[in-house]
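In this chain, residues are counted from 1 in sequence order. The figures here come from the full heavy-atom set of this structure, side chains too, leaving out hydrogens, waters and symmetry mates.
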Amino acid sequence: MAEAAAITQTKATGFIRGLGLIDSTMIVAGSMIGSGIFIVSGAISKQVGAPGWLLVVWIVTGLLTVMAALSYGELAAMMPKAGGQYVYLREAFSPMWGFLYGWTLFLVIQTGTIAAVAVGFARYLGVLVPSVGEDKYLITPKHIFGNYAISLSTAQSVGVLLIVLLTFMNTRGLRLGKLVQNTFTTAKLAALFGLILLGIFVGWNSGVVHANFGNLWAVRGSLEDLGGGLTAVTAFGLFMGICVAQTGSLFSADAWNNITFTAGEVKDPKRNIPLSLAFGTMIVIALYLLANVAYLTTLPFEKIQGADRVATDTMNVIFSGRGAIVMAVAIMISTFGCNNGLILAGARAYYAMDSDGLFFKSSGRLNNKHVPAWGLVIQGIWAAVLVLPRTIKHDAAGNITYGNLYGNLLDYVISAALIFYILTIAGIFRLRQTRPNAERPYKAFGYPIVPILYIVGATVILIILFAYQTATTWPGLIIVVTGIPVYFIWKKLGTPMAEEGSISQAAAEAKGEY
């Protein structure tokens, strides 16, 4: 009776606290695992040149990711509000810093990733359905300016349709969104675990194992020029290679912070968000490291270095040429679940921005299913737009090939994302000074050592990227800087709105709204 009375008195507005610890952990893990782990080890192996250093790259990525996640737990427990990292930067530094993060998130980080993952899904669907491909055009590339064109291939069409489908599903409420997330994350974790078991126990090749693990640190094979003629053959070149390789490995392990955007929908967020950050990142990083062990027990290192799809090559050894089909299904499951998590979470950050009067109108309003439907729609439209532009490349023979604009944008923005991670963790120190008496249900693990180690490690990587990968780092900084004038325009014209609170799942169910 008391519970019924409490439900009656609760006004059924605001987000629904419908995400438990398992649901939250699934958002962390599901948003992290896309297609990167199945692909990027080939490029990384060219940058570092030895099996041992390939594993070191993933260990460094794992340490940085887990240290960041454990540090974010303090901020998440201290400010369990929708918007997550946007709110942390706003409160630790200023509204402008929060906006610059949210602007970059919308412009490239979240929407560009959604576009990339959607087309990744389409590419692997093309393995099963040959009519789906990036060179099978409904509208042939039309050159618009410079080295840019616009087209609509069957793969791009599938990518856009996937974005539309998942956006629509997430406007129908949290229950459907989390059902999709939990189902596909469970399936992809099982698929990744299966790849590991098959690679280590079925694909085990004693000759390959001896060559790879018996010569763990010997640099060999084809090496990538890391800038200025440096390669991993020298000590400094190797150090630089490990830093540059983080572009691929950190991107493959990114998006773990998305759970912070959904803080308004997490049950007991002061406990469950820090725990889900810890559990989700640790599970994924352990699986990523073991996946690379599986590659090294199955494939000669020189073959990994030349692999565009290293997981597919691994499965081909085990399934005698049928690995492409096996991995296509696994990666389609993985990318579908990944995009659902990205789409679900991203709109919550725009909701918080509009509540401050710093984003498109209506993004800060919830529909009758208690989700920011217009924020989801605006995000979906821009992500779909990013699928369409193509980059034009000319080879030595004068032949034209087409790339994807979002691929360039994501290369540009990984450095910008690192800047915001560093700033956010620095915010822990600032808030300890400016708000020493604030409630902190969870305090950053290993404070101050672990947060400092993250800041130092990420800063070193950032300096190397800016010094030696200028073509893909400075443009990212420019993207961030474009947000400064936009901030002042929105600050002048926007109208802050009162943030809606959160209601219990029971209250929403009693109203038939969940």
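Using the six-membered ring where Trp is involved, Tyr88 and Tyr72 have ring planes that are perpendicular, over 60° apart on the 30 and 60° scheme. Under the 30°/60° scheme for interplanar angles, the aromatic rings of Trp58 and Tyr288 are found to stand perpendicular.
The neighbour count for His394 NE2, taken as heavy atoms of other residues, nucleotides or ligands under 6.0 Å away, is above 12. Surrounding CZ of Phe445 are at most 12 heavy atoms belonging to other residues, nucleotides or ligands under 6.0 Å away.
Salt-bridge annotation for Glu265 and Lys178: absent, with no side-chain N of the basic residue lying under 4.0 Å from a carboxylate O of the acidic one.
Side-chain contact, Thr61 with Ser249: a donor N or O sits under 3.5 Å from an acceptor N or O. Using modelled atom types, one finds no donor on one side chain facing an acceptor on the other under 3.5 Å when comparing Tyr295 with Asn212. Between the side chains of Gln379 and Thr111, not a single donor N or O lies within less than 3.5 Å of an accepting N or O.
The stretch residues 114-137 participates, sequence neighbours left out, in these salt bridge (charged side-chain N to carboxylate O under 4.0 Å, His left out) pairs: Arg123-Glu134. Listed by first and then second residue, the salt bridge (charged side-chain N to carboxylate O under 4.0 Å, His left out) pairs involving residues 220-235 amount to none (not counting sequence neighbours). Pairs engaging residues 158-173 under the side chain to side chain donor-acceptor pair (under 3.5 Å) rule: Asn170-Asn340 [sequence neighbours left out].
The only member of Asn258, Asn257, Thr260 that meets side-chain hydrogen bond (donor to acceptor under 3.5 Å, both in side chains) when paired with Gln85 is Asn257.
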**Request:** Walk me through it: do Phe121 and Val158 pass the test side chain to side chain contact (heavy atoms under 4.5 Å, CB included)?
**Result:** CA-CA 8 Å; Phe121 173 91; Val158 169; 4.0 Å; yes

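Across Ser45 and Gln305, no two heavy atoms sit closer than the pair OG-CA, 3.1 Å.
Phe301 and Trp53 have their aromatic ring centers separated by at least 6.0 angstrom.
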